[in-house]
Amino acid sequence: MSLLSLDKATIQFGGLIAVNQVSFSLDKGDIFGLIGPNGAGKTTCFNLITGIYEPTGGSVTFDGKVIAKAGKSAGPESIAKMGICRTFQNIRLYGSLSAIENVMVGGFLRHRTGLFSALFDLKRAADETVELREAGMKLLQAVGLDDVADVRSRDLPYGSQRRLEIARAMATQPKLLLLDEPAAGMNPQEKMDLMEVVRSIRDQFGMTVLLIEHDMRFVMGLCEKIFVLDHGEEIAFGLPEEVRANPKVIAAYLGEAH
Amino acid sequence: MDSVALRRLGFRLLWIALGVAFAFLVQWVALSSGQFNSNGQRLFFLAGLYVTLAVSLNLINGITGQFSMGHAAFYQVGAYTTGVLAAKFYSDGAGLASKYPLPWLIGMMFAGGLVAALAGFIVGLPSLRLKGDYLAIVTLGFGEIIRIIVQNQKSLGGSYGMDVKPKIDFIWLSTLLAIATIAISRNLLKNVHGLAFLAVREDEVASSAMGVRVTRIKIAAFLLGSALAGAAGALLAHHETFISKDTFPMDLSFIIVTMVVLGGTGSITGSTLAAITLYLIPERMRDLKDVPVSYAALGVIMLIVTVAFVRRTMEKDFSKLRTVKLVAPWFVSIVVVAVGGAALKNVGPLSKVIDGQQLRFVIFALTLITLMLLRPQGIFAHHEFSLQWLKKVLARFTKRSGEVAS
């Protein structure tokens with residue numbers, strides 16, 4: 001059963017067509033790769049799915065509901081609540097908050113207590129805070145950051161910041177996790193660790209993962225299915241081996257022989 | 001009720017009792033022993049209001065990151081709401097307000113807060129689309145609009161002003177309002193809701209992607225901050241008994257913003273301390289008499305030299321930095337100004353005098369510039385006062401002096 005499907009989704013900025021009639025669908029429980037050369041429209045695709053941009057044509061369906069169609073989107077906040085969460089290509093953590101506080105913000109969207117109970121520090125707000133902190137600590141453990149829980153996220157090393165972003169996104173309890181270049185700037189060892197983390201997230205939490213990545217070893221080693229974009233258009237789709245052998249993909253990355 | 005909940009309730013009641021006790025202590029200090037005249041007592045009253053204003057603006061500016069420069073307008077709206085209501089129900093010393101001053105005043109705080117919150121909601125709307133400088137300009141404009149409307153409204157006394165009768169003067173209530181404002185801010189930050197406010201300040205795009213309702217949080221911050229300022233306005237109106245356009249000058253909003261920035265944006269402790277200091281510096285200097293040019297000129301020169309020197313010291317390796325090196329230059333320059341000023345007092349043009357009342361604001365401005373040069377992140381930066389924080393600071397201090405000794 002498909003969890004997310006794009007149907008001829010198009011985004012046009014003035015004269016530039018960033019995403020052109022892209023259609024694909026994700027099955028539950030897959031680790032799915034979205035690749036393509038720079039400027040192919042990968043991140044724009046993410047912004048479309050998470051509601052930051054509205055499509056100018058086509059539609060996006062998630063979990064049986066249309067979340068975006070031409071000129072209209074449910075908006076990032078509702079989409080997050082429905083169960084899609086993401087990380088960002090250029091890390092967007094809350095720099096002056098600690099690691100655990102970052103993750104707690106992720107868990108906030110399902111809060112039950114109102115602002116009033118927080119302003120008067122009523123027991124139910126305090127209890128919820130403790131609950132979210134504990135849940136957050138578990139997630140930090142899952143990505144191996146529980147020992148730096150109280151460090152300001154700005155002061156964490158780069159690789160840890162990337163993993164913290166994953167933990168924060170997971171705190172929203174998504175059904176679909178979008179990772180935008182999660183391995184960028186990591187050394188080979190960190191990349192291997194990250195692959196393990198992503199795999200264990202899928203296995204433990206039954207999450208579906210869609211990721212953008214430039215490191216081919218990472219993508220080929222981790223993803224079960226790969227979708228290739230170039231100039232906003234779909235050029236290939238399939239298993240890693242198929243995509244790797246596809247002449248169109250090779251041409252997109254290396255240029256064509258003349 | 002289980003024992004944990006009971007303990008919690010006990011602690012809560014204890015804190016409330018302490019807060020009320022402190023408020024009455026402030027009133028007792030202000031009224032007793034006759035060391036303060038009515039002007040001195042007014043200082044205590046207004047200090048409470050300024051703390052309320054700064055801490056409530058910190059909710060909007062510091063915690064939620066929405067740069068608002070029109071905070072005095074909410075203060076004014078609260079005061080004028082009270083003025084209008086008081087005029088309606090006052091009849092030559094026999095109205096509701098005279099019979100039940102305390103309940104009346106508390107009611108006015110709610111009324112003023114409510115109307116100010118409505119104004120806050122309206123100002124908050126542009127914050128949904130605007131950020132940073134642009135939002136600052138819009139809120140500044142809004143404050144001016146309110147000021148000018150009031151100035152030209154005949155029913156509100158126009159540019160003459162309006163009487164607010166009777167005089168209700170509870171110093172403790174102003175202190176208590178300040179304490180309540182601090183408590184509310186602190187409670188917010190203690191719970192996960194506060195983290196959502198901070199998240200909006202840090203990164204709106206990421207916050208909305210995490211499902212945080214950014215719009216709702218910004219509006220809530222404006223509602224809350226302006227309501228507290230409105231309540232402060234209600235207290236002011238009945239204390240002053242006369243409000244006019246001059247009670248709320250244009251620079252009032254700037255001073256409140258300065259308090260927040262100087263204390264350390266986002267820090268409740270910082271806003272509180274900065275509010276008290278910045279309010280008292282110009283007030284205490286009202287007694288300043290004529291000052292010879294020699295002192296003033298030498299003071300400015302030494303200030304520049306000292307700031308430059310201290311900045312250079314601070315730029316060096318921080319781990320080897322000794323507190324003495326930061327403090328000593330100040331003492332040296334004070335001595336130089338005192339001795340040099342006295343020596344040059346009779347030399348030609350330096351013997352002229354400057355009016356102390358003019359100098360007052362120069363000193364105020366220089367204090368701000370100095371602090372911003374030496375500590376741009378604000379006095380308290382993002383820290384809050386707590387026992388843990390105190391321990392940390394003390395530990396660092398003793399460690400450093402320990403290194404010096406060895």
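The model shown is predicted, which means the values in this text are computed figures rather than measured ones. Every chain is numbered from 1 and lettered A, B, ... according to where its sequence line falls, protein lines coming before strand lines.
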Open item on the list: Heavy-atom count check: over 12 atoms from other residues, nucleotides or ligands less than 6.0 Å from A/Arg124 CZ?
Closed with: no
TODO: Output the option from A/Ile52, A/Leu97, A/Ile79, A/Val130 having the highest count of non-hydrogen pairs under 4.5 Å with chain B.
DONE: A/Leu97
Task: Max heavy-atom pair count under 4.5 Å with chain A, selected residue of B/Val4, B/Val212, B/Ile217, B/Leu189 - done: B/Val212
Task: Heavy atoms from other residues, nucleotides or ligands near CZ of B/Phe110 exceed 12 (cutoff 6.0 Å) - done: no
Task: Heavy-atom closest contact (B/Ala196 atom, A/Phe108 atom, distance) - done: CB-CE2, 3.5 Å
- [ ] Side chain from CB out, backbone as N, CA, C, O: work out which of these in B/Arg186 comes under 4.5 Å of a heavy atom of chain A, or both, or neither.
- [x] neither
Task: side-chain hydrogen bond (donor to acceptor under 3.5 Å, both in side chains) against A/Lys42, all qualifying residues, sequence neighbours excluded - done: none
Task: salt bridge (Lys or Arg N to Asp or Glu O under 4.0 Å) against A/Arg112, all qualifying residues, sequence neighbours excluded - done: A/Glu128, A/Glu131
Task: Close side-chain approach of A/Leu109 to B/Met210, heavy-atom, < 4.5 Å - done: no
- [ ] Measure the spacing between CG of B/Leu195 and NE2 of A/His111 and express it to the nearest 0.5 Å.
- [x] 12.5 Å
Open item on the list: Determine whether a donor-acceptor pair (N or O, by modelled atom type, separation under 3.5 Å) exists between the side chain of B/His193 and the backbone of A/Thr113.
Closed with: yes
Open item on the list: Only pairs of heavy atoms separated by less than 4.5 Å count here; which of A/Gly106, A/Ala126, A/Ser96, A/Gly95 has the most with chain B?
Closed with: A/Ser96
Task: residues 55-65 of chain B: residues contacting chain A (heavy atom under 4.5 Å, by number) - done: none
Task: Heavy-atom contact with chain A under 4.5 Å, split by part of B/Ser185 - done: neither
Task: Minimum side-chain heavy-atom gap B/Phe197-A/Leu115 below 4.5 Å - done: yes
- [ ] Would you mind checking which part of A/Thr87 comes under 4.5 Å of any heavy atom in chain B, side chain (CB onward), backbone (N, CA, C, O), both or neither?
- [x] neither
- [ ] Decide if atom CG of B/Leu390 counts as having more than 12 heavy atoms of other residues, nucleotides or ligands within a radius under 6.0 Å.
- [x] yes
Open item on the list: Please check: side-chain N/O of A/Thr129 versus main-chain N/O of B/Val192, any donor-acceptor pairing under 3.5 Å?
Closed with: yes
Open item on the list: To the nearest 0.5 Å, what is the distance between CD1 on B/Ile184 and CG on A/Asp121?
Closed with: 11.5 Å
- [ ] Decide yes or no for B/Leu198 and A/Tyr94: does some side-chain heavy atom of the first lie under 4.5 Å from some side-chain heavy atom of the second?
- [x] no
TODO: Give the minimum heavy-atom separation between B/Asp203 and A/Arg92, together with the two atoms involved.
DONE: OD1-NH1, 2.7 Å
TODO: Indicate yes or no: at least one non-hydrogen side-chain atom of B/Glu202 is less than 4.5 angstrom from one of A/Leu93.
DONE: no
- [ ] Go through the steps for A/Lys81 and B/Arg213 under the test side chain to side chain contact (heavy atoms under 4.5 Å, CB included), then give the verdict.
- [x] CA-CA 10 Å; A/Lys81 200 154 191 188; B/Arg213 305 247 166 214; 4.2 Å; yes
Open item on the list: Counting neighbours of CZ on A/Phe13 that are heavy atoms of other residues, nucleotides or ligands and sit closer than 6.0 Å, is the number greater than 12?
Closed with: yes
- [ ] Check each atom of A/Arg168 against the heavy atoms of chain B and say whether the ones under 4.5 Å are side chain, backbone, both or neither.
- [x] both
- [ ] For B/Trp15, look at atom CH2 and say whether over 12 heavy atoms of other residues, nucleotides or ligands are found less than 6.0 Å away.
- [x] no
Open item on the list: Just so I understand: if I count every heavy-atom pair under 4.5 Å between each of B/Ser207, B/Ala220, B/Gly194 and chain A, which residue has the most?
Closed with: B/Ser207
Task: Residue-level interface, residues 116-124 of chain B with chain A, non-hydrogen cut-off under 4.5 Å - done: none
Task: Proximal component of A/Leu119, with respect to chain B [non-hydrogen, under 4.5 Å] - done: both
- [ ] Considering non-hydrogen atoms only, spot the tightest contact between A/Ala80 and B/Ala209 and give its length.
- [x] CB-O, 3.3 Å
Task: Which portion of B/Arg12 sits near chain A, non-hydrogen atoms under 4.5 angstrom - done: side chain
